[in-house]
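Worksheet: the structure to be examined is printed underneath.
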Amino acid sequence: MNTISKTPSRVLSAEDRQNLIKEAFEAKNGAYSPHSHFPVGAALLTSDGTITKGASIDNASYGATMCAECTAIVKAVSEGIRSFTGLAVVGNINSTISLCGICRQVLKEFCSEDMPILLIPGDYPQKLEPKVGYTEGGVKETTLGALLPESFGPPSN
């Protein structure tokens with residue numbers, strides 16, 4: 001039986017981590033959320049060190065809404081990028097948000113199970129002592145494998 005670590009085996013550099021957080025907040029500014037009133041931003045780090053940003057895009061037909069994480073990966077993949085090393089996601093509430101099931105499955109198509117994922121509170125950096133499972137500033141660091149255990153799809157990258 002395979003067990004999935006709750007902590008990433010790949011490690012982001014401090015610089016990559018800060019850049020992802022900054023770019024996720026920037027991406028959130030591009031969100032279109034007149035229906036949900038819940039803007040989300042995502043920043044996806046490619047293996048060559050560039051960052052692709054995505055924002056949530058609402059639609060009056062809720063099923064046609066595009067999550068920020070999917071927006072980022074679709075932008076990157078449509079430009080020929082197929083290798084990713086990190087993701088950061090931020091919403092507009094003062095706690096972390098997690099990826100929906102569809103986003104997790106879309107990421108599984110292109111990302112390794114040990115890819116670090118940073119879940120950032122909207123009021124980052126939080127000044128409180130980190131809670132168990134969280135790092136400085138209130139960030140929860142996890143992996144795709146922890147978010148999507150026993151998944152199906154292409155072999156892990």
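Keep in mind that what you see is a predicted model, and the values were worked out from it rather than measured. All values below were derived from every heavy atom in this structure, side-chain atoms included, with hydrogens, water molecules and symmetry-related copies excluded.
Side-chain contact between E109 and I73 is absent, with no heavy-atom pair separated by less than 4.5 Å. In this structure, T135 and P130 have side chains that are not in contact, with every pair of non-hydrogen atoms separated by 4.5 Å or more. In this structure, the side chains of N94 and P121 stay at 4.5 Å or more apart for every pair of heavy atoms. Side-chain contact between V77 and R82 is present, with heavy atoms from C-beta onward closer than 4.5 Å. Under the 4.5 Å side-chain criterion, counting only non-hydrogen atoms from C-beta, L118 is in contact with L12.
For the pair T52 and A72, the tightest heavy-atom approach, listed with the atom from each and the gap, is CG2-O, 3.4 Å. In terms of heavy-atom proximity, I21 sits nearest to A88 at N-CB, 4.3 Å. The two residues C103 and C70 come nearest to each other via the heavy atoms SG-SG, 3.6 Å. For the residue pair E69 and L99, the shortest heavy atom distance occurs at OE2-CG, 3.4 Å. The nearest pair of heavy atoms linking V90 to I120 is CG2-O, 3.5 Å. Here the closest heavy-atom approach between residue Q18 and residue Y124 is recorded as OE1-OH, 3.2 Å.
Rounded to the nearest 0.5 Å, atoms NE2 (H37) and CG (N92) are 11.0 Å apart. The distance from the OG1 atom of T50 to the CG atom of L44 is 8.5 Å, given to the nearest 0.5 Å. Distance NZ/K140 to OG/S95: 11.0 Å, rounded to 0.5 Å. Put simply, CD on E141 and CG on L119 are 9.5 Å apart, with the number rounded to the nearest 0.5 Å. Rounded to the nearest 0.5 Å, atoms CE (M115) and OG (S83) are 10.5 Å apart. From R104, atom CZ reaches atom SG of C100 across 8.0 Å, with rounding to the nearest 0.5 Å.
Side chains of S61 and N59: a donor-acceptor N/O pair is absent below 3.5 angstrom, by distance only.
Side-chain N or O atoms of Q105 include none that pairs as donor or acceptor with a backbone N or O of S151 at under 3.5 Å. With hydrogens and angles disregarded, a donor-acceptor distance shorter than 3.5 Å links the side chain of S78 to the backbone of V74. Looking only at distances, no side-chain donor or acceptor of S33 sits under 3.5 Å from a matching main-chain atom of S36. A donor-acceptor pair under 3.5 Å is formed between the side chain of S56 and the backbone N or O of V40.
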Stepwise, does the side chain to side chain contact (heavy atoms under 4.5 Å, CB included) test hold for L87 with C111?
CA-CA 10 Å; L87 174 71; C111 305; over 6 Å; no
Set out, in order, the CA-CA distance, both residues' side-chain angles and the distance that settles side chain to side chain contact (heavy atoms under 4.5 Å, CB included) for I93 and F38, then state yes or no.
CA-CA 9 Å; I93 59 174; F38 196 79; 3.8 Å; yes
Side chain to side chain contact (heavy atoms under 4.5 Å, CB included) between H35 and T65, intermediate numbers included:
CA-CA 10 Å; H35 307 292; T65 292; over 6 Å; no
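Hydrophobic clustering, with ILVMFWY side chains joined whenever heavy atoms are under 4.5 angstrom apart, keeps F84 apart from L45. The cluster map of Ile, Leu, Val, Met, Phe, Trp and Tyr, joined by side-chain heavy atoms under 4.5 Å apart, puts I81 and L144 in the same cluster. By the rule that hydrophobic residues join a cluster once side-chain heavy atoms approach within less than 4.5 Å of another member, V139 and I117 end up as members of separate clusters. Grouping the Ile, Leu, Val, Met, Phe, Trp and Tyr side chains by contacts below 4.5 angstrom, directly or via other members, places L147 apart from L20. Residues I97 and I102 are members of one and the same hydrophobic cluster, defined by side-chain heavy-atom contacts under 4.5 angstrom among Ile, Leu, Val, Met, Phe, Trp and Tyr.
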Expected list for residues 23-31: side-chain donor-acceptor pairs under 3.5 angstrom, two or more places apart:
from: E23; atom 1: OE1; to: K53; atom 2: NZ; distance (Å): 3.4
from: E26; atom 1: OE1; to: K53; atom 2: NZ; distance (Å): 2.8
from: K28; atom 1: NZ; to: G91; atom 2: O; distance (Å): 3.1

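Applying the side-chain contact (heavy atoms from CB on, under 4.5 Å) test between I51 and each of N19, D16, T46 identifies N19 as the sole match.
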